[in-house]
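Following: one structure in structure tokens, then a few remarks.
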Amino acid sequence: MAMNKQEHAQWSSSFGFVLAAVGSAVGLGNIWKFPYMVGESGGSAFVIAYLFCIALVGFPILVAEWLIGRRGQKNPVNTFADVAASQGKSRSWGIVGASGILGGFLILSFYSVIGGWALNYITKIASGEFAGQDGDAVGATFDAMLASAGTLTIWHTVFMVLTAIIVGMGVTGGIEKTAKVLMPLLGLILFVIVGYNVMNGGFGEAVAYLFAPDLSKLTADVMLAALGHAFFTLSIGMGIMIAYGSYLGREVNLLKTARTVVILDTVIALAAGLAIFPIIFSNGLDPASGPGLIFVSLPIAFGSMGAGTIIGTLFFLLITFAAITSSISLLEPTVEFLEERTSMSRTVSTIVASIVIWLLGIAALLSFNLWADFTIMGNGVFDALDKLTSKFILPLTGLAAIIFLGWQMDQRSVQQELGLSNGTWTLWQIISKFVAPIAVVIVFVTTLMD
């Protein structure tokens, strides 16, 4: 049923909002990317740098996007335009909101393809397909999946349909309700896998790898990798948190809520490391095996360990749950925009947006097989979408949001809304006006030079 155009949805509770925000933040970036980045960047050195950077960059930009979204109470484009106008600034700031929506739209097209991989692997692990297979056999299975346009299309379609159904059900009936179910299940599965690892070897080595300080490995490259991941892991720069903030009531304390989200996001990322690395170490695998850590290295371990079928199935359920809670947040800004700026109902807006994203996802998955020779500036469609969003759209949108909050909005009203005393407010201004923007610029310039 379409929402009344004169009303703007609201989260039913701050708890539901926190779970939805954490669900958005806890995606493949935490369960898939974070562990292999730790592996490639020297273990604990990366963790230390990441914790430092997320506090100085991710946290203030997250708060900025929520505050702007709550002020506007509309889709990201209208929110930026209206809030800017209320501050006596140009409505052209709406371009920032449009950039965020575009970023989420493009990311979901290839994110859904990876979500489809996870769904496919649930069936493979559960059926015992990897039992007794060596690295070459598991690698060949992964390569065969990528080479099959039909297989990728089926699972990409299933993943997008699941995402569309949830978003089409609305903010409280779909997104919030799903987060209340999937996030506790995600936590439970992580707990079970970590508990299994405690009892079956490799856990002590993993703890040392993740947490024992080794500052000799804290290089400039590690700091930059940590800074970049701290920025991207919280779903900032994608229009998501602006859209989610637009559904927030004034009673929600933004700083306390952001602190909760950041802590839970980080805890889950570290727990994912404790779920993955003990299995890697106890099976003599390479912790620095890159993106293949999840889809190649771990299936080798699951195929050779006791209870591997059960643990492996749970693990890929975990990956899928994390992917879905993020994918619904990636779709929401586009749906909110279409619903508010056109005569389409929420249901129709969701269908239209999902079909276009699905089609772009088809182009992305074909870059692994039938369109392997087609490139855009030297990159296949999948990699081109990834680089366009991660190197340009996300950092520039996040940078614009924090600059808008720190330099364009009335600072007295911001201080009052955040409830900060004069001393804490000074610290906040130093971080939001200088530290966070400069850090984002450093990441942006550095990634352009890669």
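Two residues are said to be in side-chain contact when any heavy atoms from C-beta on lie closer than 4.5 Å; Thr266 and Leu270 meet this criterion. Here the side chains of Ile240 and Pro333 are in contact, with some heavy-atom distance below 4.5 Å. Side-chain contact check for Phe34 versus Val38: some heavy-atom pair is nearer than 4.5 Å. Between Val18 and Val22, the closest side-chain pair of non-hydrogen atoms falls below 4.5 Å. Using a 4.5 Å heavy-atom cutoff, the side chains of Met223 and Cys53 are in contact. For the pair Leu234/Ile54, a side-chain contact is recorded, criterion being any heavy-atom separation below 4.5 Å from C-beta on. The shortest distance between side-chain heavy atoms of Arg259 and Leu264 does not fall below 4.5 Å. Between Ser297 and Ile280 there is a side-chain heavy-atom pair separated by less than 4.5 Å.
Proximity of a side-chain donor or acceptor of Ser367 to a complementary backbone N or O of Ala363 within less than 3.5 Å is not detected. For the pair Asn197 (side chain) and Gly202 (backbone), a donor-acceptor distance under 3.5 Å is absent. Within the 3.5 Å criterion, the main-chain N or O of Ser24 finds a donor-acceptor partner in the side chain of Ser326. Panel note: side chain Ser109, backbone Leu106; a donor-acceptor pair is recorded below 3.5 Å. Under the 3.5 Å distance criterion, the side-chain polar atoms of Asn75 are left unmatched by any main-chain donor or acceptor of Leu338. With hydrogens and angles disregarded, no donor-acceptor distance shorter than 3.5 Å links the side chain of Thr233 to the backbone of His229.
A 6.0 Å sphere centred on NZ of Lys177 holds no more than 12 heavy atoms belonging to other residues, nucleotides or ligands. Within 6.0 Å of CD1 in Ile310 there are 12 or fewer heavy atoms belonging to other residues, nucleotides or ligands. Crowding of Phe52 atom CZ: a count of heavy atoms from other residues, nucleotides or ligands under 6.0 Å not exceeding 12.
Closest approach of Glu332 to Ile175, counting heavy atoms only: OE1-CD1, 3.3 Å. Taking every heavy atom of both residues into account, Ile324 and Phe159 meet most closely at CG1-CE1, 3.6 Å. Closest approach of Thr350 and Gly168 over heavy atoms only: OG1-CA, 3.6 Å. Ile193 approaches Leu314 most closely through the heavy-atom pair CD1-C, 4.3 Å. The minimum heavy-atom distance between Leu293 and Pro287, with the atom names listed, is CD1-O, 4.3 Å. The two residues Leu210 and Gly273 come nearest to each other via the heavy atoms CD1-C, 3.8 Å.
Under 4.0 Å is where a charged nitrogen must lie from a carboxylate oxygen, and between Arg91 and Asp82 at least one such pair does. With respect to Glu339 and Lys74, no salt bridge is recorded, no charged nitrogen being found less than 4.0 Å from a carboxylate O.
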Worked verdict on Met409 versus Leu67 for side-chain contact (heavy atoms from CB on, under 4.5 Å): CA-CA 11 Å; Met409 294 182 66; Leu67 188 148; 3.7 Å; yes
Derivation of the side-chain contact (heavy atoms from CB on, under 4.5 Å) call for Trp155 and Thr123: CA-CA 11 Å; Trp155 292 106; Thr123 64; 3.8 Å; yes
Thr309 vs Phe302, side-chain contact (heavy atoms from CB on, under 4.5 Å): CA-CA, chis, key distance, verdict: CA-CA 6 Å; Thr309 298; Phe302 294 140; over 6 Å; no
Evaluation steps, side-chain contact (heavy atoms from CB on, under 4.5 Å), between Ser354 and Leu331: CA-CA 8 Å; Ser354 298; Leu331 180 57; 3.6 Å; yes
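By the 30° and 60° cut-offs, the orientation of the rings of Tyr244 relative to Phe17 is perpendicular. Ring geometry, Phe374 versus Trp371: the interplanar angle exceeds 60°, so the pair is classed perpendicular (tilted spans 30 to 60°).
Every residue meeting the side-chain hydrogen bond (donor to acceptor under 3.5 Å, both in side chains) condition with Thr157, not counting sequence neighbours, appears here in chain and number order: Trp358. Evaluation of the ring pair (Phe, Tyr, Trp, His ring centres under 6.0 Å) rule for Tyr121 yields Phe130, Phe295, Phe316 as partners, not counting sequence neighbours. In this structure Asn379 satisfies the side-chain hydrogen bond (donor to acceptor under 3.5 Å, both in side chains) test together with Lys387, sequence neighbours excluded. In this view, Ser246 and His8, Glu336 satisfy the side-chain contact (heavy atoms from CB on, under 4.5 Å) rule, not counting sequence neighbours. With sequence neighbours excluded, the residues forming a ring pair (Phe, Tyr, Trp, His ring centres under 6.0 Å) with Trp93 are Phe404, listed by chain and number.
Only one option out of Met344, Arg346, Glu340 pairs with Val335 in a side chain to side chain contact (heavy atoms under 4.5 Å, CB included); it is Arg346. With Val77 as the partner, the side chain to side chain contact (heavy atoms under 4.5 Å, CB included) test is satisfied by one option alone out of Ile101, Ile95, Ile242: Ile101.
Between Asn283 and Ser304, the side chains place a donor N or O and an acceptor N or O closer than 3.5 Å (distance only, hydrogens not considered). Using modelled atom types, one finds a donor on one side chain and an acceptor on the other under 3.5 Å when comparing Ser99 with Thr397. Between Gln73 and Thr79, the side chains place no donor N or O within less than 3.5 Å of an acceptor N or O (distance only, hydrogens not considered).
The ring-ring contact (aromatic ring centres under 6.0 Å, His included) pairs that include a residue from residues 375-401 are Phe110-Phe382, Phe368-Phe382, where partners are two or more places apart or lie in different chains.
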